[in-house]
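Below: the structure, in structure tokens.
Keep in mind that this is a model prediction, so the values were computed, not measured.
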2 protein chains.
Amino acid sequence: MKTLKIPEATIMRLAVYSRYLERAEKQGITTVSSAAIADGTGVSPAQVRKDLAYFGEFGTRGVGYHTGELSSNIRRILGLNRCWSAVIVGAGKLGSALALYEGFLSRGFRIVGVFDIDPKIVGKHLGEIEVLHVSQLEDVVARKKAEIGIITVPASAAQEVGERLVKAGVRALLNFSPHVLNLARDVIVRNVDFSLHLEVLTFNLVFGKIKKEVAEEK
Amino acid sequence: MKTLKIPEATIMRLAVYSRYLERAEKQGITTVSSAAIADGTGVSPAQVRKDLAYFGEFGTRGVGYHTGELSSNIRRILGLNRCWSAVIVGAGKLGSALALYEGFLSRGFRIVGVFDIDPKIVGKHLGEIEVLHVSQLEDVVARKKAEIGIITVPASAAQEVGERLVKAGVRALLNFSPHVLNLARDVIVRNVDFSLHLEVLTFNLVFGKIKKEVAEEK
DNA sequence: TAGATTGTTAATCGATTAACAATC
DNA sequence: TAGATTGTTAATCGATTAACAATC
């Protein structure tokens with residue numbers, strides 16, 4: 001069986017193109033070229049065409065791509081032509097901010113449950129939704145058919161929460177904790193620990209300086 | 001001039017190893033092997049050794065790595081052996097959560113300024129720090145010598161905020177907005193838009209299903 | 001010495017890019 | 001037809017992995 005392997009970077013870029021196209025659409029631009037998309041998103045035109053070619057032929061030679069058409073095609077590829085139900089575990093500062101984040105709803109993500117273990121937090125209202133005790137996790141996930149789990153608990157609790165979510169039926173996890181989850185391989189996990197990103201920044205700040213000094217010595 | 005190019009993925013992994021080592025240290029484990037690190041962080045042992053080899057020889061053949069020593073070496077490589085000053089622009093839900101996030105301080109990141117444009121938000125206190133009007137951005141960045149800018153404003157304002165931060169002296173940006181920043185090439189930017197990550201999840205949920213169906217047809 | 005594990009090289013794998021035929 | 005831009009191939013580039021000599 002021939003399995004075509006699509007680079008993960010391609011998917012990330014498709015999401016970026018998608019945002020660019022939505023902006024272009026709003027501005028009334030009806031046709032875009034790979035060069036324009038490339039320009040607006042900081043990649044190469046060849047990269048744009050290659051990324052799109054994994055999924056079909058969306059353009060017209062000599063003309064370019066129809067903005068709205070390409071936009072909706074990419075949204076379909078990314079699975080954004082439907083709603084997704086997600087639960088958040090951990091209603092601390094980050095979890096609460098995410099529960100109230102309008103950007104989710106506008107892109108089709110519905111938060112159908114927020115959980116915490118702290119009795120001081122359980123019962124709080126975050127917009128429409130009430131924070132429930134984590135003991136109700138399994139029940140709510142099953143009843144609301146949540147497919148995505150968002151983990152915003154401390155590192156020490158992340159593994160257990162991940163396991164419970166998966167056992168309850170969740171198939172994809174967004175992990176904000178710094179703990180690397182060890183789960184069945186068919187579970188889709190993305191780590192978005194942002195202090196990790198901060199550390200890449202500081203490395204580059206320090207290393208950039210070293211490179212500059214080395215260059216000057218020569 | 002020979003410039004050794006270090007993969008960005010290597011830096012991300014170093015940060016992950018760093019967390020693993022800190023945990024191991026706390027548990028009183030004094031020696032770790034590349035296989036143990038690999039196991040605990042989900043990469044291959046060869047990868048671990050290769051990543052470390054970019055920066056020096058930290059282990060002892062036949063023995064492994066001294067946990068504390070390797071841990072502090074990696075922290076030094078990542079630039080975490082010193083404090084870094086950062087400002088946050090945008091004190092909405094996400095910006096506020098980040099300003100109050102204890103994880104930053106514990107890893108040496110100090111938030112020295114939080115800004116917003118909304119008069120309803122300016123003047124609020126987030127822990128020790130008061131939200132200032134964005135007009136004071138340049139002044140505070142210069143006075144407090146902030147080196148890192150964290151952007152948590154809506155997409156429409158991100159580019160302008162990025163430009164102002166850089167002009168004020170910030171050299172590295174953590175961009176939480178979905179807008180791709182277009183700045184001088186020596187500015188270090190990392191995009192941590194998490195709806196992007198959510199979309200990679202949904203793609204994989206949909207695509208995994210397609211792959212499975214294709215496999216079953218055969 | 002025998003067993004273990006590193007550091008490093010060479011081979012492999014995968015992703016990006018350049019180039020161009022196809023075609024509007 | 002001339003100009004433009006796609007879709008695709010082949011070449012290049014870079015990152016990962018396997019293998020093993022070095023060495024504790």
Side-chain angles (χ1 to χ4, degrees), chain A residues 2-17 20-21 24 29-71 73-74 77 200 203-204 207 211, chain B residues 2-17 20-21 24 29-71 73-74 77 200 203-204 207 211:
Chain A
K2 204 189 83 189
T3 33
L4 90 158
K5 173 91 179 96
I6 294 160
E8 195 174 279
T10 288
I11 307 306
M12 291 286 268
R13 285 191 299 262
L14 283 181
V16 174
Y17 304 158
Y20 170 82
L21 291 167
I29 299 164
T30 56
T31 305
V32 290
S33 66
S34 59
I37 301 173
D39 228 48
T41 58
V43 303
S44 74
Q47 186 71 269
V48 173
R49 296 201 297 278
K50 180 85 193 181
D51 287 337
L52 296 173
Y54 283 110
F55 300 96
E57 305 192 1
F58 304 114
T60 311
R61 291 165 198 234
V63 179
Y65 304 89
H66 185 274
T67 313
E69 222 171 85
L70 183 58
S71 177
N73 266 308
I74 292 181
I77 292 165
V200 178
F203 168 81
N204 279 305
F207 195 69
K211 266 202 296 189
Chain B
K2 203 188 82 188
T3 33
L4 90 159
K5 173 92 178 93
I6 293 160
E8 195 174 279
T10 288
I11 307 306
M12 291 287 266
R13 284 192 299 261
L14 284 181
V16 174
Y17 305 157
Y20 170 81
L21 291 167
I29 299 164
T30 55
T31 305
V32 289
S33 66
S34 59
I37 301 173
D39 229 48
T41 59
V43 302
S44 74
Q47 186 70 269
V48 173
R49 296 201 297 278
K50 180 84 193 181
D51 286 338
L52 296 173
Y54 283 111
F55 300 97
E57 304 190 3
F58 303 113
T60 310
R61 290 166 198 233
V63 179
Y65 304 89
H66 186 274
T67 313
E69 223 172 84
L70 183 59
S71 177
N73 265 309
I74 292 180
I77 292 164
V200 177
F203 168 80
N204 279 305
F207 196 68
K211 266 202 296 189

> Of A/Lys50 and A/Gly62, whose nearest nucleotide on DNA chain D comes first from the 5' end?
Replying inline: A/Gly62

>> Mind checking if A/Thr10 touches a base, just sugar-phosphate, or nothing, with heavy atoms under 4.0 Å?
In response: nothing

Tell me: [atom1] of [X] to [atom2] of [N], nearest whole Å?
| X | N | atom1 | atom2 | value |
| --- | --- | --- | --- | --- |
| B/Phe58 | C/dG7 | CZ | P | 9 Å |
| B/Ile11 | D/dG14 | CD1 | C1' | 15 Å |
| B/Ile37 | C/dT5 | CD1 | C1' | 12 Å |
| A/Tyr65 | D/dA4 | OH | C1' | 13 Å |
| B/Tyr54 | C/dT8 | OH | C1' | 12 Å |
| B/Leu52 | D/dT17 | CG | P | 15 Å |
| A/Ile6 | C/dG14 | CD1 | P | 14 Å |
| B/Asp51 | D/dG14 | CG | C1' | 14 Å |

Return no unless some side-chain N or O of [X] is found under 4.0 Å from OP1 or OP2 of [N].
| X | N | value |
| --- | --- | --- |
| A/Ser34 | D/dT5 | no |
| B/Thr60 | C/dT6 | no |
| A/Gln47 | C/dA15 | no |

> Of the non-hydrogen atoms in B/Ile37 and B/Tyr20, which two are nearest, and what is the gap between them?
Replying inline: CA-CE2, 3.8 Å

> Taking a pair as Watson-Crick or G-U wobble with both distances under 3.5 Å, which nucleotide is matched to C/dC20?
Replying inline: D/dG7

> With both distances kept under 3.5 Å, what pairs with D/dT12, Watson-Crick or G-U wobble?
Replying inline: C/dA15

>> Could you check whether any side-chain heavy atom of B/Arg13 comes within less than 4.5 Å of a side-chain heavy atom of B/Thr41, counting everything from C-beta outward?
In response: no

>> Is any side-chain heavy atom of A/Thr31 closer than 4.5 Å to one of A/Thr60?
In response: no

> If only atom types and distance count, is the side chain of B/Ser71 paired as donor or acceptor with the main-chain N or O of B/Leu21 below 3.5 Å?
Replying inline: no

> Checking B/Thr10 side chain against B/Ile6 main chain: does a donor-acceptor pair fall under 3.5 Å?
Replying inline: no

> Considering only side-chain heavy atoms of A/Ser33, which listed nucleotide, C/dT16, C/dA15, D/dT5, is closest?
Replying inline: D/dT5

> Can you tell which of C/dG7, C/dT23, D/dT16 lies closest to the side chain of A/Arg61?
Replying inline: C/dT23

> Starting at the 5' end of DNA chain C, which residue's closest nucleotide do you reach first, A/Val63 or A/Arg13?
Replying inline: A/Arg13

> Is any N or O donor-acceptor pair between the side chain of B/Arg49 and the base of C/dG7 shorter than 3.5 Å?
Replying inline: yes

